[in-house]
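Here the structure is laid out as structure tokens; the discussion comes afterwards.
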Amino acid sequence: MPPNPASLAKTLMKGVIVVELLGVCGAYGLFHKMNGSQDFRGTMNRRLPSVLEVYYQSNEWAGVYGVREKDLAAWSANQD
């Protein structure tokens, strides 16, 4: 007996919602970790600079300025 199309649509929609929630939770976790650790931001700068750029832009859009400058100053001081 073939599955009911309404039941299949409900199951598919539930799956999409679960995947979206996992994505939002993952993005929040990544933001929280970057927000709390300058060392982690340094790792992100080396591995995924585009993700770090999104972090800086989101902070600037929220009115939090100077994070990028503090990170660059700290990283350049560590290289010397």
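Excluded from the calculations below are hydrogen atoms, water molecules and symmetry mates; all remaining heavy atoms, backbone and side chain alike, are included.
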Worksheet item: What pairs with Thr43 under side-chain hydrogen bond (donor to acceptor under 3.5 Å, both in side chains), at least two apart in sequence or on another chain?
Response: Arg46

Response to the item:
Using a 4.5 Å side-chain heavy-atom cut-off and chaining through intermediate ILVMFWY residues, the residues clustered with Leu22 come out as Val18

Item to complete: Write out all pairs satisfying salt bridge (charged side-chain N to carboxylate O under 4.0 Å, His left out) with one or both partners inside residues 34-43, taking only residues at least two apart or from two chains.
Response: Arg41-Asp71

Worksheet item: Ignoring hydrogens and geometry, is there a side-chain-to-backbone donor-acceptor pair from Ser76 to Ala73 under 3.5 Å?
Response: yes

Response to the item:
Applied to residues 13-46, the ring-ring contact (aromatic ring centres under 6.0 Å, His included) test, sequence neighbours excluded, yields Tyr28-His32, Phe31-Tyr55

Worksheet item: Taking only residues at least two apart or on different chains, which pairs with a member in residues 4-13 satisfy side-chain hydrogen bond (donor to acceptor under 3.5 Å, both in side chains)?
Response: none

Worksheet, complete the sentence: Hits for side-chain contact (heavy atoms from CB on, under 4.5 Å) against Glu60, two or more places apart or cross-chain, chain-then-number order -> Tyr65, Arg68

Item to complete: Report the distance from atom CE of Met13 to atom CG of Leu8, rounding to the nearest 0.5 Å.
Response: 13.0 Å

Item to complete: Please identify each residue that fulfils side-chain contact (heavy atoms from CB on, under 4.5 Å) with Leu21, with sequence neighbours left out.
Response: Ile17

Worksheet item: From Asn45 CG over to Gln38 CD, what is the distance, rounded to the nearest 0.5 angstrom?
Response: 11.0 Å

Item to complete: Kindly work out whether a path of hydrophobic side-chain contacts (I/L/V/M/F/W/Y, heavy atoms less than 4.5 Å apart) joins Val67 to Met34.
Response: yes

Worksheet item: To the nearest 0.5 Å, what is the distance between OG (Ser50) and CE (Met44)?
Response: 8.0 Å

